[in-house]
There are 2 protein chains.
Amino acid sequence: MDALTSAQLEAFRKGMEPYVVFNEAEWIVFIQHITLHNFKKKQLFAEAGKVCNHFGFVLKGSVRYYHIKDGVDITGYFSFENEFVSSYKSFLTGEPATNYIEALEPSQIIIISKKNMELMLNNPMLAYKMERFGRLVAEHYLICYEERISSFITQTPEERYLKLLQTGREILQRMPQHYIANFLGITPVSLSRIRKRILVEK
Amino acid sequence: MDALTSAQLEAFRKGMEPYVVFNEAEWIVFIQHITLHNFKKKQLFAEAGKVCNHFGFVLKGSVRYYHIKDGVDITGYFSFENEFVSSYKSFLTGEPATNYIEALEPSQIIIISKKNMELMLNNPMLAYKMERFGRLVAEHYLICYEERISSFITQTPEERYLKLLQTGREILQRMPQHYIANFLGITPVSLSRIRKRILVEK
DNA sequence: TCAAAACGTTAACAAAAGATAAGAATTTAG
DNA sequence: CTAAATTCTTATCTTTTGTTAACGTTTTGA
């Protein structure tokens with residue numbers, strides 16, 4: 001846990017703009033409830049079996065969400081810079097998480113603990129904006145997830161991959177292929193075949 | 001669009017309790033922003049290509065979310081009594097919906113238009129509770145969707161069906177099997193085979 | 001720097017799912 | 001009440017995916 005530089009604070013403030021804009025007085029109180037954590041590569045942000053009592057904002061770096069099923073690591077999602085990160089279900093319900101989240105590279109993550117989130121939600125000075133903030137963040141992910149579920153319902157793995165080629169620049173550029181395969185709901189071997197099929201068809 | 005009986009209002013108030021509790025003054029203003037609609041079987045609540053400018057609460061009945069892909073109807077989700085219903089992405093972003101929502105039986109749905117939602121979010125008397133309400137509803141679906149995505153990533157269709165047997169009482173009892181198949185991300189023929197496989201294995 | 005680990009492709013085979021069609025049972029609607 | 005539509009199962013065939021293993025390449029970390 002480290003002190004935040006003013007540049008980091010500015011980046012955070014700007015990154016949150018789509019979700020919440022604080023005035024100066026609010027900001028001063030708000031930043032008393034956040035901490036900066038430096039994660040080493042592979043360091044865990046959340047762990048299956050443990051309650052995830054915090055959520056974060058990726059200031060620098062990236063994280064990978066994964067499950068372990070029958071001893072096998074299966075990647076479910078990623079968060080990159082300027083995105084939020086949490087094992088949401090665990091954070092929101094207080095139940096143990098069922099997935100892991102790890103830093104994929106040395107990462108700076110701003111963290112708000114559940115306790116501090118609740119303090120702010122109960123602080124008259126911040127309550128309204130924090131409720132709104134929570135709503136907009138949840139809605140943002142709701143939309144992402146709705147689209148992702150649609151893709152599993154209506155598309156074949158090949159169609160999902162072709163769609164990712166159009167829209168998933170960051171994932172394609174920064175993630176190894178076997179993570180992408182898991183993300184698409186298939187095995188790495190199968191994705192390798194799909195890629196070959198697409199090449200031949202062209 | 002019909003007038004709400006006091007019994008219906010009470011049922012609505014109670015159904016929303018997990019998300020929002022209004023005092024009497026707030027409630028009086030709130031209910032000026034809602035309407036009751038009676039849907040006939042197969043009547044559309046939302047339509048692909050059109051913006052979904054409303055969201056609802058299923059007071060009685062049930063609805064089905066579906067896509068049409070290459071002329072084929074694919075069921076993605078259901079909402080039952082005491083659940084919310086909307087083509088959320090469209091409602092939240094103002095973009096045209098990509099899916100349809102239809103009543104599966106004669107249904108009573110309480111509707112809040114986008115315009116009225118915005119009026120309430122901007123009304124100082126209700127703003128805080130409406131932000132909170134929106135947050136809790138969005139978080140509720142976020143959790144549902146997160147679990148659903150996990151199931152596509154980590155489970156086989158057979159495992160998803162077995163899980164549904166344990167937890168999906170309402171869907172299993174009330175939905176025809178080909179809707180359930182789509183919901184699980186497979187074809188009706190495939191679900192029929194899975195069911196046979198499970199019987200034989202027992 | 002160098003051995004170990006991770007990564008992507010390919011092959012071979014098994015298992016599962018998709019597509020299509022046919023037929024029986026059930027439900028729906030006029 | 002009855003014809004039409006819907007639903008579910010089954011069969012056949014094709015396509016795709018999963019599994020396992022091997023191999024060369026690249027990356028990683030001590």
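Each chain gets a letter, A, B and so on, in the order the sequences are listed, and its residues count up from 1. Values below: every heavy atom of this structure, side chains too, minus hydrogens, waters and symmetry copies.
Comparing D:dT10, C:dA17, D:dT17 by their nearest atom to the side chain of B:R197 picks out C:dA17. Closest contact between the side chain of A:K41 and the listed nucleotides D:dT28, D:dT10, D:dA21 involves D:dT28. Residue B:K196 places its side chain closer to D:dA11 than to any other of D:dA11, D:dT9, C:dT10.
For A:K114, the NZ atom sits in a packed shell: over 12 heavy atoms of surrounding residues, nucleotides or ligands are nearer than 6.0 Å.
Checking A:M175 against B:P157, the closest nucleotide of DNA chain C that is more toward the 5' end is the one next to A:M175. For the pair B:G185 and B:K42, both in contact range of DNA chain C, the more 5′-proximal nearest nucleotide belongs to B:G185. Both B:Y179 and B:V189 lie close to DNA chain D; mapped to their nearest nucleotides by heavy-atom distance, the more 5′-ward contact belongs to B:Y179.
Between B:S190 and C:dG18 there is a side-chain polar atom (N or O) within less than 4.0 angstrom of OP1 or OP2. An OP1 or OP2 oxygen of D:dG18 is reached within less than 4.0 angstrom by a side-chain nitrogen or oxygen of A:T187. Taking only side-chain nitrogens and oxygens, B:Q177 comes nearer than 4.0 Å to OP1 or OP2 of D:dT9. Listed pair A:R193 / D:dT16 fails the phosphate criterion, with no side-chain N or O lying under 4.0 Å from OP1 or OP2. Note on B:H178: every side-chain N or O is 4.0 Å or more away from OP1 and OP2 of D:dT6.
Separating the CG atom of A:L172 from the P atom of C:dG8 is a distance of 12 Å, rounded to the nearest angstrom. Between B:Q155 atom CD and C:dA16 atom C1' the separation is 17 Å, expressed in whole Å. Spacing between atom CG of B:D70 and atom P of C:dT20 amounts to 11 Å, rounded to whole angstrom units. Protein atom CZ of A:R195 is 12 Å distant from nucleotide atom C1' of C:dC7, rounded to whole Å. One can place CD1 of A:I180 at 15 Å from C1' of C:dT9, the figure rounded to the nearest angstrom. Rounding to whole angstrom units, CD1 of residue B:I194 and C1' of C:dG18 are separated by 12 Å. Rounded to whole angstrom, the span from the OH atom of B:Y161 across to the P atom of C:dA16 amounts to 17 Å. Here C:dA15 presents its P atom at 19 Å from CD1 of B:I186, a figure rounded to the nearest Å.
The pair A:E159-B:K69 meets the salt-bridge criterion, since a charged nitrogen lies less than 4.0 angstrom from a carboxylate oxygen. In summary, A:R13 and A:E24 engage in a salt bridge, as defined by a charged side-chain N under 4.0 Å from a carboxylate O.
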Test ring pair (Phe, Tyr, Trp, His ring centres under 6.0 Å) applied to A:Y145 and B:Y145, step by step: CA-CA 6 Å; A:Y145 288 7; B:Y145 289 5; 7.5 Å; no
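Judged by a 6.0 Å distance limit and a 45° cone about the ring axis, B:R64 is positioned over the six-membered ring of B:Y179.
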